[in-house]
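One structure below.
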Amino acid sequence: MVGGVKIIKGVKILQKYLTRKIVVYLLTFFFAVTIDWAIPRFMPGNPINVLVSRFAALPESIKVMQSYFTQAFGLDRPLLEQYTSFWKALFRGDLGISIYLYPQPVLKVILEALPYTIAVLLPAIFVSFMVGNRLGAFVARKKRLDNTALPIFYTLTASPYFWFGILLAWFFGVVLKWFPIAGAYSYLLRRSFSWTFIKSFLYHWILPFSSLVLVMLGGWAIGMRNMIIYELEANYSRYLESCGASQKLIRKYSYRNAILPQVTGLAIQLGTAVAGTLTTEIVFSYPGIGYILMQGILNQDYFLIQGCFLFIVIGVLLANFIVDLFYLILDPRIRKTYTGEV
Amino acid sequence: MTRKEFIYFILRNKKFVFSFCVLTFLAVLATFGPMLTPYDPLEFASFPYQPPNRDHWLGTNTFGQDLFTQLVYGLRSSLLVGLLGGGLATFIGLSIGFAAGYKGGWLDEFLMMLSNILMVLPTLALLIIIAAYLPYRGVAIQSVIIGFTAWPWTARAVRAQTMTLKTREFVDLARITGCNNLKIIWQEIMPNMMSYVFMVFILQFGGAILAATGLDFIGLGPTRGISLGIMMQQATLWSAIQLGMWWWAITPGAVITLIVASLYIMNTGLDEIFNPRLREL
C-alpha cells in the first residue's frame, strides 16, 4: 500500500515537473512567433522598400511589387488581424514564398535543408558529449596530463565554430587533399539510396562533423574536469578512500555524480551548438539550414530568414524537452533539484 | 585577504599572469595598431594574393587590401563589442538578479520566467532576426542587441547568490537601521560577490565577442567598416581556403580564439585566486 502511494506521489511530481517545463517551452514558442511577427513591422526602415529597390527597375513594376508585398505581409489591415492571420498561416504551414529561390515556398526550402543540418548536428552533439566527458574525467587531478590537456580544451572551446571549420578545411582539404570541402555529396551524383551516394555523402560529412565535435568537446571536457575535482573532494569520495577503495572505483562514482550537471549544461549549450552548426555549414557550403539562412541574408529574403528562425527555435525547444526527459531517467532525485529551483 | 596577499596570489598564478599579458598586448595592438600602418582597412593598397611579406605583414587579400590593417581595425571593434556588449549583459544580469533575488514574490516569478524563455531561445537566431531588419548596423547597435540577449544565466546565478546573502545577519542589521533597499543591495550584498561579478564580466566579454563574430560571419556585421568576422566572411565568400590563402582565412579567427581562450584561462586563474580550495594542484 505504502509503495502505491509513493508511486502516485512520484507520478504527480513528475507531472508537475514536466508541466512546468512545457509551459516554459510553449511561452517561449509564443514569444518567438510574436518576435517573428513584430520585428519586420516595428523595426526602423522599411523592408518592403529594400525588397522593391532590389527587384524592380521600372517605375511601374515598383508599384506592382510594392502592392504585392504590402498584401503579402497583410500590412494594409489592422495590427490585431495581421497578428491572428500570421498564426493561422503558421498552422497551415504557410511561411511565405522564398525570394532567393523564387517561386518555391519557404517551408519546402527549409524542409529540404533540414535533414543535412540534423545529420551533422545530432551525431556531433552526441559524440562530443560522450567523448568530452570521458576525456575531462580522465584528465582531472592528474597533474602532468591536466597541464597539457587543459590549454588544448580551452583553445577548442574558445574558437568560433566556423573558424575551426576553416582550419580543418584548409589543412585536410587543401594542404593534405584528403577530404572534399564543399557540398554534401559529389556534384556528379543525384540524391538516391545507392551505395555510391551514401559513400560520397559520408566522405563530405566527415569534416564538418569532426569540426563540430572538436569544438564542442572542449567545453564538455573542461566542465567535467572541474566537476570531478569537486566530487573527489566530497565526503563520499574521502570515505571510499579511507575504506581503501581503488582510485578507479572512486572515479567511477565521481563520474556518475558529475554527469548530472553536465546534462543540464547540455540543455543550456543546445542553442550555441545549433548556432555553431549553422556557421560551420557556411564554411563547407553544406546545404543545411545555416547555408540557406546565409543565402537568405545575402539576398535579403526576409520570409526565408523568418522561416529559418522559427525552425531553429522549434528545433531547440524540442531538443530541450528531450534533454529534460533524459534527465528524469538519469536522476532519481529530480524532485529535490526542482522543488528548490527549476 | 589583505591587499598584499591578494597581489601575491595574483602574481603566483601563472594562468592569470599569462592571460593578462596576452590581453594587454592585444589591447595595445588594437589601440596603437592603426598608427603603425599607412593604409586604410578598405583601401586597395597593393597587389592582390600576396602572402605575408615585409610590406604587408599579414599579406593582402583578393582585392589587394592590407590584412594587417584590417586585423588591427577589426581587433578594435571586436574588443569594443566585448566591452560594451559584455558590460551591458553583466549590468542587466546583475540588476535583474538583484531585483528578483532580493524582492522575491511575483517580480521574481516574472523575471525568472522571462530569463527561462530567453535562455531556451537560441541567442544567435534571435540576434539574426533582429539584425537582419536593421538598415544600418554599427558596433554600438550590435553590442546593445547582444547585451539584451545574453544576460539570463548571469541573472539566475546572481539571484541565487542574492537569496542566500539576504538572509545573513549583516543584511538584517542594515535593514533594521533603516537603510533603503538600493543601499542594502549596493553596500551590503554586492561587495560580497564582487569577485563573482568580475568573473561573470569576463565570461560575458568573451561571449559577446564570439556572438558578434558569428553575426559578422553570417552576413550581419557592421554595414560599414571592418571586423574580424567580416574578414572571415569575405575570405569564405571569395574561396580563400580553396585558393590556399591561409593568411586571409585563418589569422583573424586565430586572434579571436586567442582573445577568448585568454579570457577563459583568466577566469580559471581568478577562480583559483579567490577560491583557496582550488589553489593547490
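Each chain gets a letter, A, B and so on, in the order its sequence line appears, and its residues count up from 1. Here the structure is a predicted model, which means the values were calculated and not measured.
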Taking every heavy-atom pair that is under 4.5 Å apart, which of [options] has the most such pairs with chain B?
| options | result |
| --- | --- |
| A:Gly315, A:Ser285, A:Ala275 | A:Ala275 |
| A:Leu278, A:Ile282, A:Leu317 | A:Ile282 |
| A:Phe164, A:Tyr161, A:Phe31 | A:Phe31 |
| A:Phe162, A:Phe309, A:Trp170, A:Phe29 | A:Phe162 |

So do the side chains of [X] and [Y] get within less than 4.5 Å of each other, counting heavy atoms only?
| X | Y | value |
| --- | --- | --- |
| B:Ile130 | A:Ile39 | yes |
| A:Met294 | B:Leu237 | yes |
| A:Val313 | B:Pro122 | yes |
| A:Ile268 | B:Trp153 | no |

Which heavy atom in [X] sits nearest to a heavy atom in [Y], and how many Å separate them?
| X | Y | answer |
| --- | --- | --- |
| B:Ile241 | A:Ala169 | CG2-C, 4.0 Å |
| B:Ala261 | A:Ala158 | N-CB, 3.2 Å |
| A:Thr279 | B:Gly214 | CG2-O, 4.3 Å |
| B:Ile117 | A:Leu27 | CD1-CB, 3.8 Å |
| B:Gly219 | A:Ile297 | O-CG2, 3.8 Å |
| B:Phe217 | A:Val283 | CZ-CG2, 3.7 Å |

Measure distances from [X] to the heavy atoms of chain A and classify the residue's part below 4.5 Å as side chain, backbone, both or neither.
| X | answer |
| --- | --- |
| B:Ala254 | both |
| B:Leu126 | both |
| B:Thr123 | neither |
| B:Gln233 | side chain |

Heavy-atom contact with chain B under 4.5 Å, split by part of [X]:
| X | answer |
| --- | --- |
| A:Ile166 | both |
| A:Leu293 | side chain |
| A:Thr272 | neither |

Just wondering, are more than 12 heavy atoms of other shown residues or ligands nearer than 6.0 Å to NZ in B:Lys103?
no
CZ of B:Phe20: more than 12 outside heavy atoms within 6.0 angstrom?
no
Using the side chain to side chain contact (heavy atoms under 4.5 Å, CB included) rule, take A:Tyr302 and B:Tyr133 through it: C-alpha gap first, then chi angles, then the decisive distance, then the call.
CA-CA 8 Å; A:Tyr302 292 112; B:Tyr133 281 98; 3.1 Å; yes
Go through A:Arg20 and B:Asn116 one step at a time and tell me if the side chain to side chain contact (heavy atoms under 4.5 Å, CB included) criterion holds.
CA-CA 11 Å; A:Arg20 202 162 173 168; B:Asn116 266 327; over 6 Å; no
Will you find, in the side chains of B:Thr268 and A:Tyr154, an N or O donor that is under 3.5 Å from an N or O acceptor?
yes
B:Thr257 backbone acceptor or donor facing A:Trp163 side chain under 3.5 Å
no
Taking atom CG of B:Leu258 and atom OG of A:Ser159, what is their separation to the nearest 0.5 Å?
12.0 Å
Rounded to the nearest 0.5 angstrom, the CG-CE distance for A:Asn320 and B:Met119 is 9.5 Å
Any chance you could lay out the side chain to side chain contact (heavy atoms under 4.5 Å, CB included) test for A:Val316 and B:Leu121, step after step, and finish with the verdict?
CA-CA 7 Å; A:Val316 170; B:Leu121 208 61; over 6 Å; no
